[in-house]
Amino acid sequence: MCSVPPNPIPRRRVLSLALTAAAGSTLAGNLPRRAEAAPATPGFRDPTLPPHHRVEDLLGRLTLDEKISLLHQYQPAIPRLGLAPFKTGTEALHGLAWSNDRNSGGAVVTATATVFPQAIGLASTWDPELVERVGAAVGTEARGYHAENPEVWGLQLWAPTVNLLRDPRWGRNEEGYSEDPHLTGVISTAYGRGVRGDDPERLRAAPVLKHYLANNNETHRHTTSVTLPPRVKHEYYEQAFRPALSAEAVTGVMSAYNLVNGRPMTVHPDFDEVLRGWAPRRLCNVTDAGGPNNLTGAQDYYTTQSEADAAILKAGLDSFTVDDTDPTATITAISDALSEELLTVPDVDEAVRNILDLRVRLGEFDPDGGPYGGIGKEVVDSPEHRALARRAATEAMVLLKNEDGTLPLDRGRVNRVAVLGQLAETLYTDWYSGSLPYEVTPSRGLRAALGQDTTVTSKEGVDRIALRAADGRRVTAGPAERPLELTTAEDATTLFDVFDWGERIVTLRAVSNGRYVSRTQERTLVNDAEQPHGWYVRQQFRLVAHEGGHVLVYAGNDASEPWFGEGGYVVAEPNGRLTVSASSPESATVFTREVVVDGVAEATEAAQNADVAVVVAGSMPLINGGENDDRRDTNLAAGQQAMVKRVYRANPNTVLVLENSYPTTITWAQQHLPAILWTTHAGAETGNALADVLLGEADPAGRLTQTWPRTAEELPDILDYDVIRSARTYQYSTVPPLYPFGHGLSYTTFEYTHARLSAHVIDGDGTVRVHVRVRNTGSRAGEEVVQLYTHQLRSRNPQPRRLRAFRRIRLEPAGQRTVSFTVHASELAHWDVTRGRWVVEESPHEFLLGSSSTDIRARRTLLVRGETIPPRDPHRTTEAVDFDDYAGITLTDRSKDGGTAVTVSDTDGWILFGDTDLGTTPGELTALLSKGSSAPASVTVRLDTPRGHELGTITVPNTGDRYSYRTVHTSLARAQGRRDLYLVLHGPVHLASFRFGR
């Protein structure tokens, strides 16, 4: 065992060590003396003892080497104590999805289980009670798989994902819930509670929040440093994580790949200093896959892995997800860190405590496996879970438009229905889905619901083509295991259906066997895929226009990736086989694209002969975004748009069902089509749910959880995370959206009356009750989502409109209900950058009740008697990051242990400190700053504007290193009164703090 001198331990760890020591003392006092007979059962296996006693007992039995071995994702068995192997991390975002098999080198194993709507769809229900039931079903099915194979199906579930959906181009948009922190917090808390179960001490399964913090871009996601000023960080991004942690609905948090203010999130001190402070009990925090190695790789933040892994543990992360199933490098790095005195044994003990606490609460050491130990595989895909999946898919659907009562369809008047579009006959899953145990597609669902008296015609509306080479031979698909080749055949083996997914990407389905064309690792082409799939989707291609109306076949997005290597175009080899080996268009084989069946024309003909056309259009989740792939636009694929327009011209009674995972540019459809219904990819019950809504068996009451822009050109840069300054989301944007946050229609109408507050004035620690009467004024039963927003009308910092509460209710015709909400004044607080804390200001607040963020039906005003923020006092040390506004600057890490500094993003920038009381004379400026180069740099103090009156300038000396800070002084000209203060930075200066005075 290593003996190393103690290093400082974060406060929460000190408290934790003290508490666990006391617990150990108490336990020791309750155990028999050594002279007496030893207990038959070790303490950690005694379910009658409190969990923390059991943890301490087991921790005390482990050697240091055994403790270190538990820090990797794949924890080994410890036979001498009877401990089985343990694995952190099973994917369960909207149903049990997949895990990895340590005995097969980490191979992905996919569950065939209940697939619920994607996460954004679950949030679109605005129904936390339903989402909690979904979480319970997911946790139960995880238990069922765990009972069959515990080594593969671990019970620490990596879900839910609570990254805020501030940009619809994010490739993983479907994994999040909303752009709004409150809605995200409510839904994630519900899902987490369902997964973990009702027992406060025992866990059905252990949910983990993903990914802390500000992780919304895939391009360069490992090296992107997100600039988060304090208000944005505290008021927006953190608030998505806090509710589930505070409610003890989750058991840990996963770190994000990106950097925030120059510091990799894998070593961010927030995990220990902030997140653990929110949680009532222990957390077992994990790194994202490969995160530890990024610190010495792409991020180049530490020189050695021992430095990196030591920093990870000290930051508050406990389990290392890295190097697939091989823990060797992690064990070596932690051992080296102990030898190098970068870590102490108590640091290791604390992380192991968090891991063991999880394992104890999961019932692993109980004789019967704990209260959930009897759950078996029979629970998977149960009738109850199928019914729940159908309800969730139904509640998630959002009616975007319904002109002249187009929907619901009247069974008595609809005798012929055309179900059209690329998704009419297909259900797609995503990277974080399990396999569907069965499929009810849109066409099947409608056909079953309408019965034999209604003719349902289905057409996918895609072109069926042949690709002919210059020598006359056609591309031919043989059996799935054989490569595609050129032959003289003229039959079905030479025909392919072309699916257009936008951004020039298509998939090719062989008519001969219904399989999709794939690119093998050897770069040959085969038709072997039931669906596009995989981390790298090898079924995506581009048909690139070539001179003379011909085409070249290109290997999709992958060909532009660095790992792909040379050759992205398809070429016919001398033996006729097709390979992706041509590195330029000139060396590629030229094909003639022969259209055998015009898909749009076929769909148009079907629409002409129908009473109603239902076009099911949308995305393929693994192609239209995903990990490592952000969207460049939000348009519906051009080929699909063309079909929608042609179908509408043929039959004005056209309903668009948009099935995708993100806001989509459908401005033309909104202007022309009579009805539009949106759903996520919603699992096996999609078709039944769609039929329920279209035919009026269920009222559509889903609501949008994101603002839908009219065009992607209205969006700021995807790397701009400052939602306040860039005016993102419904809270800050002033650009009229296509559909606002919270939008969704019903088949009936609702009236809001008798809105009132329980008080018109409250103190800063007070509470107010909000009441409104909602009445169904239509002729059908329906559901409404009553939404409460507030807006602080007067503030030192202009405040946005924020969602505070909501409730989904059902009312019969003429039925009414009084809906009440409770709001605490503390919920109206915002972050005061002048003093670095939350503040409830003295101000009137407008309370807004309605059906969306813009459809407000009632307003009431409340006066909150809170604080008045005083002017800034520059004679106290002011952190540079606590500015009010900025331009041309970015935020960076002050040191690798903590703190934030301000630096310029190019050559010049400024930061504003508003309403600063200069007093009678500023005296001098004292600044803590650094500069790691000989390039000139300065900090100038100006008044009122960045080019205003100059009070003084510091010429920044070379401090030798950007992490070496020096205190520098300069005298200031006389000034007085309350003024706006600008610090103008020039050159490679890093400014940590400043103050005025002598």
J.: For I856, what residues pass the side-chain contact (heavy atoms from CB on, under 4.5 Å) criterion, not counting sequence neighbours?
T.: Y789, R801, L848, R859
J.: Just so I know, are the side chains of H969 and T926 near enough to count as touching, which here means a heavy-atom distance under 4.5 Å?
T.: yes
J.: Tell me, please, which residues at least two apart from T834 pass side chain to side chain donor-acceptor pair (under 3.5 Å).
T.: D832
J.: With sequence neighbours excluded, what pairs up with T184 under the side chain to side chain donor-acceptor pair (under 3.5 Å) test?
T.: none
J.: Enumerate the ring pair (Phe, Tyr, Trp, His ring centres under 6.0 Å) contacts for residues 934-966, please, sequence neighbours excluded, ordered by first and then second residue.
T.: none
J.: Quick check: does any side chain N or O of D763 sit under 3.5 Å from a backbone N or O of D765, one acting as donor and the other as acceptor?
T.: no
J.: Determine, stepwise, if the pair E235 / R231 fulfils salt bridge (Lys or Arg N to Asp or Glu O under 4.0 Å).
T.: CA-CA 6 Å; E235 294 179 14; R231 276 196 64 202; 3.0 Å; yes
J.: Taking the side chain as every heavy atom from C-beta outward, state whether T161 and H211 have any pair of such atoms under 4.5 Å apart.
T.: yes
J.: For R632 and E503, what are the C-alpha separation, side-chain angles and deciding distance, and is it a salt bridge (Lys or Arg N to Asp or Glu O under 4.0 Å)?
T.: CA-CA 8 Å; R632 286 171 288 280; E503 296 188 358; 2.8 Å; yes
J.: Rounded to the nearest 0.5 Å, what separates atom CD in Q792 from atom CG in N797?
T.: 9.0 Å
J.: About how many Å separate OG1 of T223 and CG of D300, when rounded to the nearest 0.5 Å?
T.: 11.5 Å
J.: Please check: side-chain N/O of T945 versus main-chain N/O of G948, any donor-acceptor pairing under 3.5 Å?
T.: yes
J.: Do the non-hydrogen side-chain atoms of L164 and E179 ever get within less than 4.5 Å of each other?
T.: no
J.: Check whether any side-chain N or O of N261 sits under 3.5 Å from a backbone N or O of L228 as a donor-acceptor pair, and report yes or no.
T.: yes
J.: What pairs with R221 under salt bridge (Lys or Arg N to Asp or Glu O under 4.0 Å), at least two apart in sequence or on another chain?
T.: E218, E627
J.: For R962, enumerate each residue passing the side chain to side chain donor-acceptor pair (under 3.5 Å) test, keeping only those at least two apart in sequence or located in another chain.
T.: T892, D893
J.: Test your reading of the model: is there a side-chain donor-acceptor pair from N258 to the backbone of A214, 3.5 Å cut-off?
T.: yes
J.: Side chain to side chain donor-acceptor pair (under 3.5 Å) with Q299: which residues, sequence neighbours excluded?
T.: none
J.: With D309, which residues qualify under salt bridge (Lys or Arg N to Asp or Glu O under 4.0 Å), at least two apart?
T.: none
J.: Distance alone, cut at 3.5 Å: any donor-acceptor contact between the side chains of T634 and T665?
T.: yes
J.: Any donor-acceptor pair under 3.5 Å linking the side chain of D347 with the backbone of T344?
T.: yes
J.: Quick one: does any side-chain atom of S843 pair with a main-chain N or O of R794 as donor and acceptor, under 3.5 Å?
T.: yes
J.: Step through the shown structure and confirm whether more than 12 heavy atoms of other residues, nucleotides or ligands are within 6.0 Å of CZ on R725.
T.: yes
J.: Please round to the nearest 0.5 Å and tell me the distance separating atom NZ of K314 and atom CD of E350.
T.: 14.0 Å
J.: Flag the pair R169 and D630 as a salt bridge only when some basic side-chain nitrogen lies within less than 4.0 angstrom of an acidic carboxylate oxygen.
T.: no
J.: Yes or no on side chain to side chain contact (heavy atoms under 4.5 Å, CB included) for K233 and D270, after CA distance, side-chain angles and deciding distance?
T.: CA-CA 12 Å; K233 180 175 184 287; D270 273 6; 2.7 Å; yes
J.: Enter the distance from R872:CZ to R796:CZ here, rounded to the nearest 0.5 Å.
T.: 5.0 Å
J.: Can a side-chain donor-acceptor contact be found between E950 and T940 if the only test is distance below 3.5 angstrom?
T.: no
J.: Is the closest side-chain heavy-atom distance between V881 and P230 below 4.5 Å?
T.: yes
J.: So, do V968 and L929 sit near enough that their side-chain heavy atoms are less than 4.5 Å apart?
T.: yes
J.: To the closest 0.5 Å, what do you measure between OG1 (T953) and CG (L925)?
T.: 9.5 Å
J.: Keeping the roles fixed (side chain from T707, backbone from T729), state whether a donor-acceptor pair exists under 3.5 Å.
T.: no
J.: Partners of R974 by salt bridge (Lys or Arg N to Asp or Glu O under 4.0 Å), sequence neighbours excluded?
T.: none
J.: Judged by atom type as modelled, is there a donor-acceptor pair below 3.5 Å linking the side chain of R631 to the main-chain atoms of W170?
T.: yes
J.: List the steps and the verdict of side chain to side chain contact (heavy atoms under 4.5 Å, CB included) for R865 and V761.
T.: CA-CA 7 Å; R865 288 176 172 159; V761 181; 3.5 Å; yes
J.: Is any side-chain heavy atom of T854 closer than 4.5 Å to a side-chain heavy atom of Y730?
T.: no
J.: Sequence neighbours excluded, which residues qualify as side-chain contact (heavy atoms from CB on, under 4.5 Å) partners of S971?
T.: none
J.: For residues 899-909, pull every pair meeting side chain to side chain donor-acceptor pair (under 3.5 Å), keeping only residues two or more places apart or in separate chains.
T.: D908-H986
J.: Would you call V956 and V939 a side-chain contact if the rule is heavy atoms closer than 4.5 Å?
T.: yes
J.: For the pair D961 and K896, evaluate salt bridge (Lys or Arg N to Asp or Glu O under 4.0 Å) and give the outcome as yes or no after the intermediate values.
T.: CA-CA 13 Å; D961 181 82; K896 292 189 176 181; over 6 Å; no
J.: With a cut-off of 6.0 Å (strictly less than), are more than 12 heavy atoms of other residues, nucleotides or ligands near CZ of R947?
T.: no
J.: So which pairs with a foot in residues 886-930 pass ring pair (Phe, Tyr, Trp, His ring centres under 6.0 Å), sequence neighbours left out?
T.: F883-Y886, W910-Y982, F913-F994
J.: I'd like to know if the side chain of Y257 reaches the main chain of A289, judged simply by a donor and an acceptor atom lying under 3.5 Å from each other, with no hydrogens or angles considered.
T.: yes
J.: Is there a side-chain contact between F741 and Q731, using heavy atoms and a 4.5 Å cut-off?
T.: no
J.: Let me confirm one number: the CG-CG distance from L981 to L943, rounded to the nearest 0.5 Å.
T.: 6.5 Å
J.: With distance as the sole criterion, is a donor-acceptor pair present between the side chains of N216 and Y721 under 3.5 Å?
T.: no
J.: Please determine which of D915, L918, L951 meets the side-chain contact (heavy atoms from CB on, under 4.5 Å) test together with R979.
T.: L918
